[in-house]
Amino acid sequence: MTYDITAIRAQFPALKAGSAHFDGPGGTQTPLPVIEAVSEALANPLANRGHLTAGERNAEALVRSARQAMADLLGADPAGIVFGRSATALIYDFSRTLAKTWSPGDEVVVSRLDHDSNIRPWVQAAEAAGATVRWADFDPATGELTPDDISAQLGDRTRLVAVTAASNLIGTRPDIPEISRRVHAAGALLHVDGVHYAAHAHVDIRRLGADFFVCSPYKFLGPHLGVLAAGPELLETLAPDKLLPSTNAVPERFEFGTLPYEFLAGTRAAVDFLATLDPGAEGSRRKRLASSFAALEEHEAMLRGRIDEGLAALEPLTIHSRAVDRTPTVLLTIDGHDTTDAYRYLAGRGVDAPSGSFYAVEASRRLGLGDTGGLRIGLAPYTSNEDVDRLLEALSDFLRAPVPRG
């Protein structure tokens, strides 16, 4: 297993601007093969999907190849891959559809660890259906959300549990397979937000036990759109609101309007690029993805260790990413400093590490950080040792700088 960071970085034109990017959890930079795939799709004939004209055939091929690529990435059935404008939009669409099956007295469980896109759509759909919302809490001291925290909210009327596979704010990775076992034992469905998780781990939705799994290609080197994976047989049971002439076939019945064919081409290219992170990997795309993500996790674990060690030597920082199992994502606050000031200072040094709650407002509040949040440091496949050195040096200089007085 190898990880050639120099060769990987050479594929990202945006890195030529000189910034060290630690803003990957909000969206990664784009490699050349993805850029070229989007351009090529737009340069060739395109039309509504069909089999007669060149444009129709191109569109059909782009959709089918993108479904297969995402199925390979997630360990899913391509017939259960649904594309949408964003993960948030897909969750809203599916929350409204599932809510048609809920009645007053039914219960929906959400978690305070989650991004608001995996909370508010379910809360609002439950309210519209007269269902009850139950909240699973996490331990702010450890950052852990345990299966017991979920079990405590399950009951005979639980219809759905929505939980993240990895917190985009503090990186916590709950034990989704065990949570799934308990949710299904209660007779409920499990909706997993995998937006942050899919950028750092080899996904297998069958092993996770997710009935629904959402992710966003732009978090793993692709274009801006959303993807939902589910079993085709489950999708067959759902009836979304849709236009009269639009198809009732699965998964197309959940895709409203014309798909962004050029972004589907970019999504396929992003998956193919991820499969090359271990250049020695062989076999099917799924097998090469497994090897490549193993190499990526090893690389990111090494960098995270260097960051953790460097931050431990700096005062007065408080690290809020404490879970035993977490992504290479660190949220910190600085005693006596506004992390927005740190964000600005780092940006001036060419280090991109933003400050905020990043839509994980419930988690930020539970941590005692209100809606302000903190400084978030996130890794991506192109992050290097030199990037880490720049981050730690710039952060150290910021802490030594005089505190401005208003």
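A donor-acceptor pair shorter than 3.5 Å can be found between the side chains of Thr333 and His320. Using modelled atom types, one finds no donor on one side chain facing an acceptor on the other under 3.5 Å when comparing Tyr92 with Arg96. For Asp148 and Thr146, the side-chain atoms include no donor-acceptor pair closer than 3.5 Å. Side-chain contact check for Thr329 and His196: at least one donor-acceptor pair (N or O, by modelled atom type) lies under 3.5 Å. Remark: the Thr88 side chain and the Ser86 side chain contain no N/O donor-acceptor pair separated by less than 3.5 Å.
Applying the 6.0 Å contact sphere to NZ of Lys100 captures more than 12 heavy atoms from other residues, nucleotides or ligands. Residue-environment remark: CZ (Arg306) exceeds the threshold of 12 foreign heavy atoms within 6.0 Å.
Relative to the ring axis of Phe358, Arg376 places its NZ or CZ within 45° and under 6.0 Å from the centre.
Sequence neighbours left out, the pairs with a member in residues 361-383 that pass ring-ring contact (aromatic ring centres under 6.0 Å, His included) are Phe12-Tyr382.
Using a 4.5 Å heavy-atom cutoff, the side chains of His200 and Glu300 are in contact. The shortest side-chain heavy-atom distance between Leu367 and Ile170 falls under the 4.5 Å cut-off. Residues Leu221 and Pro381 are in side-chain contact: their nearest non-hydrogen atoms beyond the backbone lie under 4.5 Å apart.
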message: Under the criterion ring-ring contact (aromatic ring centres under 6.0 Å, His included), I'd like the reasoning laid out for His191 against Phe213: C-alpha separation, chi angles, the key distance, then a yes or no.
response: CA-CA 6 Å; His191 183 281; Phe213 183 97; 8.9 Å; no

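Under 4.0 Å is where a charged nitrogen must lie from a carboxylate oxygen, and between Arg157 and Glu107 no such pair does.
Between Phe83 and Phe254, the ring centre distance reaches or exceeds 6.0 Å.
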